[in-house]
Amino acid sequence: MKSPLLSLPGAVPAEGVDEGVAAHYGDLFREQRALADGTGFVDLSHRGVLTVTGDDRLSWLHLLLTQHVSDLPTGQATEALILSANGHIEHALYLVDDGTAVWAHVEPGSQEALIAYLESMKFFYRVEVADRTADTAVVHLPAGSIAQAPDSAVVRETPYGRDLFLPREELESFAAEAGPAAGILAHEALRVEQHRPRLGFETDHRTIPHELGWIGTAVHLQKGCYRGQETVARVQNLGKPPRRLVFLHLDGSEVHLPPNGAEIRLADDGPDGRKIGFVTTSVRHHELGPVALALVKRNVPVDARLMAEETAAAQETVVEP
């Protein structure tokens with residue numbers, strides 16, 4: 001989905017998975033500061049949107065998701081995962097129930113595979129799953145924003161701000177009133193600062209929730225059975241995850257940020273040392289400078305000096321070893 005807000009002054013299109021919205025509107029740090037101060041908005045209209053309706057929607061989703069949603073109060077935001085049989089993360093959903101439907105936004109382009117899986121699990125439950133991406137745009141208002149959500153929007157309120165499920169035809173008129181617009185790079189910089197993982201960035205084909213700190217926020221440990229629960233319970237009760245999420249302060253003298261997938265080694269081992277992890281997201285933050293999230297082996301000392309390719313990095317613990 002290509003956003004009409006790419007026609008706003010200064011808009012520079014994003015690339016990769018975030019293609020379709022603006023990377024920035026000409027001033028990355030100004031946009032970050034605006035969001036941090038609770039002003040402006042972020043166009044996330046490229047994200048997939050789906051709804052689940054029907055009398056059994058919450059009890060049915062409760063059987064499939066890692067989160068406890070059978071008694072989810074109307075208007076309360078939550079997030080949840082869908083795991084493989086081996087406990088690896090396949091989908092991340094950001095949810096709210098408006099009293100008649102569960103609304104969820106997901107990573108761009110992932111909604112088709114997710115809906116196909118949900119359709120295969122309907123059986124005799126009274127539920128209907130619909131792809132709403134074509135008619136619904138996601139917009140993010142930062143924490144502290146006093147902007148008014150239109151009556152037509154479904155609101156998902158979190159500690160980090162409000163996600164609006166907005167009729168797509170209202171996106172331009174909303175932007176005219178809610179500005180200034182901030183690009184996806186500003187949104188990503190604050191996400192990294194807040195140590196929040198993102199599917200497809202902090203995850204690979206073998207990521208389990210414990211590695212990213214998703215236990216508690218997206219995984220409920222006292223709910224009934226769901227696909228992949230055996231792995232979650234075994235690691236929680238009997239062991240430790242093989243990797244852990246860390247926050248990196250990168251050497252600010254380097255011109256280029258280490259990209260997603262950049263190999264991490266112990267600084268003391270030099271450039272020929274063994275790989276101990278990889279960068280998942282790197283950004284330039286308006287206050288912290290160049291920073292990143294990364295996955296490293298669990299047994300890497302928490303005070304070890306690291307190298308992300310050629311860039312020196314100091315780590316902060318996100319997930320305890």
Side-chain angles (χ1 to χ4, degrees), residues 1 44-45 47-85 87 89-141 149-159 161-171 199 209 214-233:
M1 304 295 294
L44 299 178
S45 61
R47 289 184 65 82
V49 177
L50 62 131
T51 57
V52 181
T53 56
D55 293 343
D56 296 336
R57 65 188 183 280
L58 291 177
S59 59
W60 176 68
L61 286 171
H62 185 78
L63 299 173
L64 304 176
L65 304 180
T66 57
Q67 187 59 271
H68 196 300
V69 297
S70 60
D71 301 313
L72 184 66
T74 299
Q76 180 174 307
T78 193
E79 56 188 79
L81 309 175
I82 289 179
L83 308 180
S84 72
I89 300 169
E90 292 188 343
H91 294 283
L93 298 83
Y94 300 86
L95 309 161
V96 68
D97 186 275
D98 69 358
T100 60
V102 173
W103 290 77
H105 65 81
V106 297
E107 286 300 318
S110 69
Q111 69 273 12
E112 292 184 4
L114 173 58
I115 289 171
Y117 169 70
L118 294 175
E119 288 284 354
S120 73
M121 301 300 291
K122 284 171 64 172
F123 302 114
F124 300 108
Y125 288 92
R126 295 169 295 174
V127 293
E128 293 296 332
V129 182
D131 186 345
R132 300 296 301 274
T133 308
D135 59 40
T136 305
V138 179
V139 174
H140 176 76
L141 295 173
D151 292 339
S152 57
V154 175
V155 180
R156 180 180 177 272
E157 187 161 1
T158 77
R162 289 173 288 163
D163 296 337
L164 309 185
F165 294 89
L166 184 72
R168 193 169 287 274
E169 67 269 15
E170 298 181 19
L171 180 58
L199 185 76
W214 252 328
I215 301 297
T217 59
V219 178
H220 195 287
L221 295 174
Q222 280 78 49
K223 62 157 290 187
C225 187
Y226 54 88
R227 190 173 70 174
Q229 185 193 24
E230 295 82 0
T231 297
V232 170

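These numbers come from the heavy atoms of this one structure, side chains and all, not from hydrogens, waters or symmetry mates. Counting from 1, the numbers follow the sequence of the chain as shown.
- Side-chain contact between L83 and I89 is present, with at least one heavy-atom pair separated by less than 4.5 Å.
- Residue pairs meeting the side chain to side chain donor-acceptor pair (under 3.5 Å) criterion with at least one member in residues 61-74, sequence neighbours excluded: Q67-T78.
- A distance of 8.5 Å separates CG in L141 from CG in D163, rounded to the nearest 0.5 Å.
- The side-chain heavy atoms of L81 and L93, taken from C-beta on, include no pair separated by under 4.5 Å.
- The CH2 atom of W214 sits 7.0 Å away from atom CD of E79, with the distance rounded to the nearest 0.5 Å.
- Between L61 and V102, some side-chain heavy-atom pair lies under the 4.5 Å cut-off.
- We find the NE2-CD distance between H91 and Q111 to be 10.5 Å, quoted to the nearest 0.5 Å.
- A heavy-atom distance below 4.5 Å is found between the side chains of I82 and Y117.
- Salt-bridge annotation for K122 and E128: present, with a side-chain N of the basic residue lying under 4.0 Å from a carboxylate O of the acidic one.
- The closest side-chain heavy-atom distance from Y94 to R47 is below 4.5 Å.
- Distance check, rounded to the nearest 0.5 Å: CD of E169 to OG1 of T136 gives 8.5 Å.
- Here the side chains of V232 and V219 are in contact, with some heavy-atom distance below 4.5 Å.
- Ion pairing between D135 and R168 fails under the 4.0 Å rule for side-chain N and carboxylate O.
- Once rounded to the nearest 0.5 Å, the distance linking CG of D56 with CZ of F124 reads 13.0 Å.
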